[in-house]
Protein chains: 2
Amino acid sequence: MENAIQKFQNRGMRPSIQRAKILQYLLDKRNHPTVDLIYQELLPELPTLSRTTVYNTLDAFCENGLAIHLDFGEGFLRYDADTTPHSHFFCKCCQKVFDLEIPPEDIASKLPKGFVIQESQLYAFGVCEECNKAKL
Amino acid sequence: MENAIQKFQNRGMRPSIQRAKILQYLLDKRNHPTVDLIYQELLPELPTLSRTTVYNTLDAFCENGLAIHLDFGEGFLRYDADTTPHSHFFCKCCQKVFDLEIPPEDIASKLPKGFVIQESQLYAFGVCEECNKAKL
DNA sequence: GTTGTTTGTTGTAATGATTACAATATAAAA
DNA sequence: TTTTATATTGTAATCATTACAACAAACAAC
């Protein structure tokens with residue numbers, strides 16, 4: 001079981017207090033936080049923390065497979081250190097995000113009791129035929 | 001077959017040149033345009049057009065079921081007047097959006113030849129159990 | 001360890017899409 | 001018409017994110 005420092009070093013990232021605390025925050029809280037929430041909640045422990053550091057750190061996590069970002073069209077991103085394939089449910093009422101232990105395929109059927117889907121959208125990203133040809 | 005003016009009147013929207021041209025643009029081009037593209041391309045025909053009008057108009061279209069907005073995480077939205085259930089494919093190489101005549105379920109299988117999916121994400125929006133209870 | 005090099009952190013200043021707002025204009029209702 | 005409601009327009013905010021430069025901490029070579 002990798003600890004935080006090993007996770008960083010194995011990916012060529014230098015360990016730092018900031019990175020360790022932010023990763024620990026994501027793993028402990030599992031609350032799909034925004035940059036600002038992370039910043040506000042870690043400020044007591046890390047009084048010199050900068051918002052820019054939170055941005056940089058989360059970008060580095062995403063680039064190195066330690067986190068993913070979630071875009072629910074709120075105008076800002078959320079982050080999740082659970083990188084296993086699973087889905088998310090965004091409540092339009094309370095703005096909370098719920099984990100669904102379902103691969104992005106067969107949603108809608110097996111929702112938790114009481115949850116109602118109003119809208120769902122699948123975003124597919126990749127490379128189109130023309131661009132694939134151009135790369136040859 | 002409703003014409004543009006009827007479409008507006010049937011939904012309690014007042015017809016205007018701006019609205020008619022913007023709707024026509026979406027229906028003719030089917031290019032999943034951004035606000036700015038619409039603005040730039042219609043400026044020659046509508047020299048007094050304001051960006052704010054494009055924003056307002058597209059918001060009104062979305063509220064009244066004449067269009068949907070697409071968020072591919074580019075930092076701006078795209079719009080589509082095709083409101084039938086279908087999916088989209090965003091090419092990370094050329095930034096173009098392709099229509100897929102597939103309901104958001106079974107992507108990945110029947111992609112057009114030559115297209116490669118690198119990443120896909122299903123966004124589910126709705127109301128959670130707690131909020132549904134609170135509404136009683 | 002010490003020195004030099006690379007990488008990370010911080011704060012402030014841009015950027016850029018979107019929204020707020022107030023003035024004007026146009027459409028519908030009376 | 002006259003009045004009332006809604007649209008359009010331009011400018012000024014807003015706000016998440018990014019760019020940048022100074023400083024600091026980690027790593028490598030000696």
Side-chain angles (χ1 to χ4, degrees), chain A residues 3-25 32-40 42-64 66-79 95, chain B residues 3-25 32-40 42-64 66-79 95:
Chain A
N3 65 25
I5 291 182
Q6 287 169 338
K7 279 183 180 160
F8 298 144
Q9 286 175 340
N10 291 344
R11 285 155 233 262
M13 302 168 70
R14 288 186 183 169
S16 74
I17 304 286
Q18 292 85 347
R19 289 176 171 180
K21 291 274 188 190
I22 292 173
L23 184 57
Q24 187 186 16
Y25 180 90
H32 312 91
T34 63
V35 165
D36 214 60
L37 185 62
I38 296 171
Y39 173 72
Q40 297 297 344
L42 290 182
L43 208 48
E45 310 174 45
L46 296 172
T48 70
L49 183 64
S50 156
R51 237 178 277 266
T52 302
T53 298
V54 181
Y55 277 104
N56 290 341
T57 299
L58 292 168
D59 285 351
F61 286 2
C62 288
E63 276 178 13
N64 290 285
L66 291 176
I68 56 173
H69 72 256
L70 306 173
D71 184 350
F72 292 97
E74 298 171 283
F76 43 80
L77 300 177
R78 294 171 176 272
Y79 292 85
Q95 268 76 253
Chain B
N3 66 22
I5 291 183
Q6 287 169 339
K7 278 183 181 163
F8 298 144
Q9 287 174 341
N10 291 345
R11 285 156 233 260
M13 301 168 71
R14 289 189 182 165
S16 73
I17 304 285
Q18 292 84 346
R19 287 177 172 180
K21 292 275 188 190
I22 292 173
L23 184 56
Q24 187 185 17
Y25 180 89
H32 313 90
T34 63
V35 165
D36 213 61
L37 185 63
I38 296 171
Y39 173 71
Q40 297 298 343
L42 290 183
L43 208 49
E45 310 174 47
L46 296 171
T48 70
L49 184 63
S50 155
R51 236 176 279 264
T52 302
T53 298
V54 182
Y55 277 105
N56 291 341
T57 300
L58 292 168
D59 285 351
F61 286 1
C62 288
E63 276 177 13
N64 291 285
L66 290 177
I68 56 173
H69 72 255
L70 306 174
D71 184 350
F72 292 97
E74 298 170 282
F76 44 79
L77 299 176
R78 293 171 176 272
Y79 292 85
Q95 267 76 253

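These numbers were taken from a predicted model, which means no experiment stands behind them.
The span of DNA chain D lying next to chain B, judged by atoms under 4.0 Å from heavy atoms, is bounded 5' to 3' by D/dA5 to D/dT11.
A close approach under 4.0 Å does not occur between any side-chain nitrogen or oxygen of A/S50 and OP1 or OP2 of C/dT9.
For the pair B/V35 and B/F76, the minimum side-chain heavy-atom distance is 4.5 Å or more.
Annotation: side-chain hydrogen bond (donor to acceptor under 3.5 Å, both in side chains) contacts of A/E45 (sequence neighbours excluded): A/K21. Here B/L77 pairs with B/H69, B/D71, B/Y79 under the side chain to side chain contact (heavy atoms under 4.5 Å, CB included) rule; sequence neighbours left out. Take B/Y25 and apply the side-chain hydrogen bond (donor to acceptor under 3.5 Å, both in side chains) test, not counting sequence neighbours, and it matches B/N31, B/E41. With sequence neighbours excluded, the residues satisfying salt bridge (charged side-chain N to carboxylate O under 4.0 Å, His left out) with A/E74 are A/R78.
Rounded to whole angstrom, the span from the CD atom of B/Q40 across to the P atom of C/dA17 amounts to 11 Å. Summarising the geometry, the separation between CG on A/L58 and P on C/dG8 is reported as 14 Å, rounded to the nearest angstrom. Distance A/N64 CG to C/dG8 C1': 14 Å, rounded to the nearest Å. When the P atom of C/dA28 is taken as reference, atom CG of B/N10 falls 13 Å away, rounded to whole Å. Across the protein-nucleic acid pair, B/F72 atom CZ and C/dA17 atom C1' stand 17 Å apart, rounded to whole Å. Rounded to whole angstrom, the span from the OH atom of A/Y39 across to the P atom of C/dT9 amounts to 15 Å. Residue A/F61 contributes atom CZ, which lies 14 Å from atom C1' of C/dT9 at whole-angstrom precision.
Remark on the helix from C/dG1-D/dC30 to C/dA30-D/dT1: inter-end axis angle 30°, axes from five-pair C1' superpositions, rounded to 10°.
Here the CG atom belonging to B/N10 is positioned 11.0 Å from the CG atom belonging to B/N64, to the nearest 0.5 angstrom. Taken to the nearest 0.5 Å, the CG atom of B/L42 stands 9.0 Å off from the CG atom of B/L37. The distance from the CZ atom of A/R14 to the CZ atom of A/R19 is 9.0 Å, given to the nearest 0.5 Å. Once rounded to the nearest 0.5 Å, the distance linking CG of A/L58 with CG of A/L66 reads 10.5 Å.
Among residue pairs with one or both ends in residues 46-60 of chain A, those qualifying as side-chain hydrogen bond (donor to acceptor under 3.5 Å, both in side chains) are A/D36-A/R51; sequence neighbours excluded.
Between the side chain of A/Q6 and the backbone N or O of A/N3, at least one donor-acceptor pair lies under 3.5 Å.
Of the two residues contacting DNA chain D, namely A/V35 and A/N56, the nearest-nucleotide position lying further toward the 5' end is that of A/V35.
Note on A/T48: only backbone sugar-phosphate atoms sit closer than 4.0 angstrom, heavy atoms only; bases stay farther off. Using a 4.0 Å heavy-atom criterion, one finds that B/Y55 contacts the bases of the nucleic acid, with or without backbone contacts as well.
Applying a 4.0 Å cut-off to non-hydrogen atoms, the residues of residues 12-21 of chain A that approach DNA chain D are A/R14, A/P15, listed by residue number.
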